[in-house]
Protein chains: 2
Amino acid sequence: MAQKNKLQFIILGLLDQQPLTGYDLTKAFDHEIGEFWQAQHSQIYPQLKRLEEQGYITHEITISGEKLEKKLYHTTPTGQAVLTTWITAGTPELTATKDEFILKLYFVRTNRDPRLPEMLLEQLQLHVDKSEHLQARLATVFPTKKSQAENFGHYLILQHAIGRENYYVTWLKQTLAALPK
Amino acid sequence: MAQKNKLQFIILGLLDQQPLTGYDLTKAFDHEIGEFWQAQHSQIYPQLKRLEEQGYITHEITISGEKLEKKLYHTTPTGQAVLTTWITAGTPELTATKDEFILKLYFVRTNRDPRLPEMLLEQLQLHVDKSEHLQARLATVFPTKKSQAENFGHYLILQHAIGRENYYVTWLKQTLAALPK
DNA sequence: CACACCATGTAAGCGGTTACATGATTCC
DNA sequence: GGAATCATGTAACCGCTTACATGGTGTG
């Protein structure tokens, strides 16, 4: 195996919260959990088929409008058990990250390279933008303490993503400041 | 293309610093730059072949001992130009990260779930260990200011990785502390 | 009625991991 | 002489992205 198919568990987790279509799932990967996992619909539909064959999920067909068929998937008891097992099992392997930009810096070799300031400033802009965007989302989606507690998981994810971006921003500023003039 | 083959540039960058064998490159991905990019030898050897066919690198054969042939690769002027182009071009796409653990938290749904403390504590241990391990390496590899300036890229990478782990640790502690008793 | 969006699928191809395979060297 | 390490390669397979393909719905 190339990487142990974690997508199946994530789909299972999403469907366990509420019945969803493949299209809904695709959107969830774009918005809600997109900061920590990505998947396209071309990966999702075949996976749904496999999960159903294994008996972890089932679907009901609903009709939208005249004749548009939507497949609403939800977990079965078996699927819920599999999900619980995945969550409860430890997560001992820290995800290996790949960061193209950091490697470019690595190859620059000297802190006097004239390209450094603009390279760092570009990343700074990108990460500041992302952080601000995420913070705006946090403010609109979770305006109250109550809303934070009610969607605990989503709140955690967003807040972690913001912190991660803020660390990157801090590091970039610090690196910029340490550059010789 | 599935992801635009960045490996070729990284190999180019490593070979531009000093001539290396495929075996040396493999080790570099384990140690030096392993925090920000990973690759196995089964991926490296074919890539070296392709880079040579394109005229970006060449190799000389050296004999170790009686008859063990080592292929020492180094960049050509063409390869150096390609490398410079890659570094100088912008890096506008922020790398999308995948974090299995954060998603498990997301699916937990309520901050009263009894599994939360042990889940968070396991990750805390893992990230503390990693941070300490990286800090020990920083201290041994870069004991002096001079050594930091001389290996600017390597120093940056290590230091960034440590900061990243420290953020994760801080976040985990904070999340643990916010849990209801 | 056109356009954005909803909705579901398949196919091709690259990136990356795991496993298979072989042999030399060095050090205890 | 045995074990760890050096050294180079290939094969199978999965994960994932990009692209191909089709059709319905709702809204201005």
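Below, chain A is the first sequence line, B the second, and so on; all start at residue 1. Values in this document were obtained by computation on a predicted structure and should not be read as measured data.
Listed by first and then second residue, the salt bridge (Lys or Arg N to Asp or Glu O under 4.0 Å) pairs that reach into residues 142-155 of chain A are K146(A)-E150(A), sequence neighbours excluded. Pairs passing the salt bridge (Lys or Arg N to Asp or Glu O under 4.0 Å) check and including a residue from residues 29-48 of chain A, sequence neighbours excluded, read E35(A)-K130(A), E35(A)-R164(A).
Rounding to whole angstrom units, CD1 of residue I61(B) and P of dT8(D) are separated by 10 Å. Taking atom NZ of residue K6(B) and atom C1' of nucleotide dC14(C), one finds them 13 Å apart after rounding to whole Å. Between the P atom of dG13(C) and the CD atom of Q40(A) lies a distance of 19 Å, rounded to the nearest Å. At whole-Å resolution of the value, NZ in K70(A) and C1' in dG26(D) are 13 Å apart. In this structure, CD of Q38(A) is placed 16 Å from C1' of dT18(D), rounded to the nearest angstrom.
Taking only side-chain nitrogens and oxygens, K98(B) comes nearer than 4.0 Å to OP1 or OP2 of dC16(D).
Contacts between residues 43-52 of chain B and DNA chain D, defined by a heavy-atom separation below 4.0 Å, involve Y45(B), K49(B), listed by number. Interface residues of residues 15-27 of chain B facing DNA chain C, ordered by number: none; criterion, heavy-atom separation under 4.0 Å.
Set against dA7(D), dA11(C), dG9(D), the side chain of H41(B) has dG9(D) as its closest nucleotide.
When the side-chain contact (heavy atoms from CB on, under 4.5 Å) test is applied to E66(B), no partner is found at least two apart in sequence or on another chain. Residues that satisfy the side-chain contact (heavy atoms from CB on, under 4.5 Å) test with T58(B), not counting sequence neighbours, are E52(B), H74(B), T76(B). Taking the salt bridge (Lys or Arg N to Asp or Glu O under 4.0 Å) definition, one finds that E118(B) meets it with nothing, sequence neighbours left out. Every residue two or more places apart in sequence or in another chain that forms a side-chain contact (heavy atoms from CB on, under 4.5 Å) with R109(A) is listed here: Y106(A), Q17(B), N151(B). Looking at residues two or more places apart in sequence or on another chain, you find a side-chain contact (heavy atoms from CB on, under 4.5 Å) between H133(A) and R137(A). Taking the salt bridge (Lys or Arg N to Asp or Glu O under 4.0 Å) definition, one finds that D113(B) meets it with R115(B), sequence neighbours left out.
Closest-nucleotide positions on DNA chain D for L72(B) and L7(A) were compared, and the one nearer the 5' end corresponds to L72(B).
One side chain, S131(B) or N166(B), offers a donor N or O that lies under 3.5 Å from an acceptor on the other. In this structure, a donor-acceptor pair under 3.5 Å is present between the side chains of Y168(B) and D99(B).
Ring centroid separation for the pair F29(A) and H41(A) does not come in under the 6.0 Å cut-off.
Here CG of L15(A) is found 10.5 Å from CD of Q80(A). Values are rounded to the nearest 0.5 Å. Rounded to the nearest 0.5 angstrom, D24(B) CG and T21(B) OG1 are separated by 3.0 Å.
Across the helix from dC1(C)-dG28(D) to dC28(C)-dG1(D), the helix axis at one end is tilted relative to the axis at the other end by 30° (nearest 10 degrees, each axis from five pairs).
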Fill in: B/S/- contact track for nucleotides 22-28 of chain C, protein heavy atom under 4.0 Å
-BSS---

